[in-house]
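Have a look at the structure below before the remarks.
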Amino acid sequence: MGIKLPDDIPSSEITPKEQYLSRRKFLIGSGVAGLSLGSGALLLGRGKSSAEQAQPLTGTRKSKWTVESLGGDKLNTKSEITTYNNFYEFGTSKEDPAENAGSLRTRPWTVKIDGEVEKPQTLDIERILKLAPLEERVYRFRCVEAWSMVVPWLGYSFKELASLVKPTSRAKYVAFTTLKDPKQMPGQATRVLDWPYVEGLRIDEAMHELCLLCLGLYGEVLPNQNGAPVRIIVPWKYGFKSIKSLVRISFVETQPDTSWNKTNPREYGFYSNVNPEVDHPRWTQATERRLGELRRRRTLPFNGYADQVASLYAGLDLKRNF
Ligand SMILES: Nc1nc2c(c(=O)[nH]1)N[C@H]1C(S)=C(S)[C@@H](COP(=O)(O)O)O[C@H]1N2
Ligand SMILES: [Mo]
C-alpha cells in the first residue's frame, strides 16, 4: 500500500504514471537471481493450479450471515474473489497471487498456538478443520484501497480455537503470523514488506463472534491466493487486517507489531476499523467500488457491522486511533 493505489484513482493522480511503473519494475527486479514475480508460471513447479486444488468442504452449514441479511447486496463471483487479490508474498499486483500462489504447499501444515495460554499447542490443519462446525458466512469485505466485495466464506469463530488453548488473564492481544518461506513465496525475495507478514487484534476484537477463522469460500477449501489453508477474516476492519496462510497465533500482553503499521505508521494504524469519516492521507474512505460494479457506493461505518462491534470502541477516539 506504500506502492498500492486505491482501486479507481489512476496512478497518475498521485504520482506520475511512469514513475509508478518504474518503481514497480524496480521492486520486481529486486528479487533474488532466477526468481521473478513476473514469471509465475515457471515457479508453479509441482504446485497445483487453482483449478486442481478446488476441493469441496463437506458438512458445512448456513449461518445467520446470509446474503439476504445484507439487504440487497449481491455475492461477488468466485472468479472475482479469486483473481483480484492482495497477497504480497506472491507479487504486488492484483493478478499476481492467482498466477503465482500455486507454489504454496498447504499440506502438511501446522499452526503453533502459544504465549499467554494454559494449553499451548501445535495444531495440524486437519484438526483445525474439525474443531468446530464449518459455517458459511457471507460478509462484506472492504480493502483500504477502497474496493470491496461480498464473499461466502467458510469457517467458525476464532473464539472456538481460543477456547481450546484457554488464554490466561494476561492475554490482552492476539498476534498472528503468516508463513515465511521464500522458496514457496517468491514475493518474499523482495523487500516490499518485512517478512513474515504479521497482524494483531485486541483480545476482545479477536474473541468477537464475527471474527472468523476462515478455511474456505464458495463451498470449497480456500484457494491458495486467498490465504490457504487458514486465515483470519475481520469484516469490520480494512482487508489488510485479515491475515492469510497462518502458521502462528500468539496470545500476548502488549500490542503486537503489524506489517502495514511498521511500513507506514502515518497511513496504517493498529485499529484500522472501516471508517468513512477518516480519510486515508492519499484518498477518500467515504466511498468504495464494489468489484464488478462501476458506480461508487457509500462506505458504511465499521463496514456495516456497527450494531455488532461499535461497543468494543466505546470511549475510544476513532480519529486518533485509526
Ligand atoms: N499474509 C498476507 N495476508 C494478507 C495480505 C498480504 O499481502 N499478505 N494482504 C491483505 C490485504 S491488503 C487484503 S485486501 C486481503 C485480501 O484478501 P483476498 O485476496 O482474499 O481478497 O488480504 C490481506 N491479508
Ligand atoms: Mo487491502
Side-chain angles (χ1 to χ4, degrees), residues 1-7 27 37 50 75-101 104 106 111 139-155 175-182 184-188 190-201 212 214-218 220-249 258-264 267-268 272 274 280 282-283 285 288-292 299 303:
M1 297 175 297
I3 60 167
K4 279 181 185 179
L5 299 166
D7 186 51
L27 286 161
L37 297 181
S50 346
L75 287 179
N76 280 97
T77 65
K78 188 161 129 189
S79 152
E80 285 164 340
I81 296 164
T82 60
T83 62
Y84 190 89
N85 301 98
N86 275 330
F87 201 169
Y88 275 26
E89 285 84 340
F90 297 101
T92 55
S93 69
K94 300 288 180 278
E95 312 79 49
D96 287 339
E99 264 175 42
N100 298 334
L104 177 66
T106 58
V111 181
Y139 283 165
R140 288 188 201 90
F141 187 91
R142 169 63 157 79
C143 177
V144 75
E145 300 165 301
W147 52 270
S148 66
M149 56 185 184
V150 174
V151 186
W153 303 111
L154 289 166
F176 301 96
T177 308
T178 295
L179 176 69
K180 181 179 177 183
D181 182 355
Q184 296 184 58
M185 297 178 144
Q188 290 179 337
T190 74
R191 280 173 293 174
V192 59
L193 285 174
D194 258 350
W195 310 109
Y197 194 104
V198 289
E199 255 307 332
L201 295 169
L212 186 71
C214 177
L215 295 143
L217 64 82
Y218 261 110
E220 295 174 344
V221 299
L222 269 180
N224 286 1
Q225 59 268 36
N226 293 91
V230 58
R231 73 180 296 182
I232 294 294
I233 295 293
V234 200
W236 69 95
K237 292 179 181 280
Y238 292 120
F240 64 87
K241 299 295 287 183
S242 291
I243 181 172
K244 297 175 163 180
S245 302
L246 290 171
V247 293
R248 186 173 180 192
I249 298 171
T258 62
S259 283
W260 283 104
N261 180 252
K262 271 194 296 184
T263 297
N264 194 340
E267 298 193 353
Y268 309 107
S272 292
V274 174
H280 186 280
R282 292 182 280 136
W283 59 80
Q285 294 292 28
E288 66 197 52
R289 194 180 68 82
R290 184 65 49 83
L291 297 190
T299 288
N303 201 26

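Atoms within each ligand, like the ligands themselves, are counted from 1 in listed order.
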For this session: Examine the side chains of Asn86 and Lys94 and answer whether a donor and an acceptor come within less than 3.5 Å of each other.
Result: yes
Problem set entry | Sub-4.0 Å heavy-atom contact, Tyr238 with ligand 1 | no
Problem set entry | Atoms of ligand 1, numbered as shown, that sit under 4.0 Å from any heavy atom of Arg231 | 15 (C), 17 (O), 18 (P), 20 (O), 22 (O)
Exercise. So is Glu145 close enough to ligand 1, meaning a heavy atom under 4.0 angstrom away?
Worked result: no
Problem set entry | Contact check: Tyr84 vs ligand 1, nitrogen or oxygen atoms, below 3.5 angstrom | no
For this session: Please determine, by modelled atom types, if Arg140 and Ser148 share a side-chain donor-acceptor pair under 3.5 angstrom.
Result: no
Exercise. Does ligand 1 have any atom sitting under 4.0 Å from a heavy atom of Gly227?
Worked result: no
For this session: Run the contact test for Lys241 against ligand 1 with a 4.0 Å cut-off on heavy atoms, strictly below, and give the result.
Result: no
Exercise. In terms of ring plane angle, is the pair Trp283 and His280 parallel, tilted or perpendicular, where the classes change at 30° and 60°?
Worked result: parallel
For this session: Could you tell me whether some N/O pair between Trp153 and ligand 1 is separated by less than 3.5 angstrom?
Result: no
Exercise. What do you reckon, does Trp260 have a nitrogen or oxygen under 3.5 Å from a nitrogen or oxygen of ligand 1?
Worked result: no
Exercise. Under 4.0 Å between a Lys/Arg side-chain N and an Asp/Glu carboxylate O for Lys180 and Glu89?
Worked result: no
For this session: Indicate yes or no: does an N/O atom of Lys244 lie under 3.5 Å from an N/O atom of ligand 1?
Result: yes
Exercise. Atom CD of Glu288 and atom CD of Glu145: how far apart are they, to the nearest 0.5 Å?
Worked result: 13.0 Å
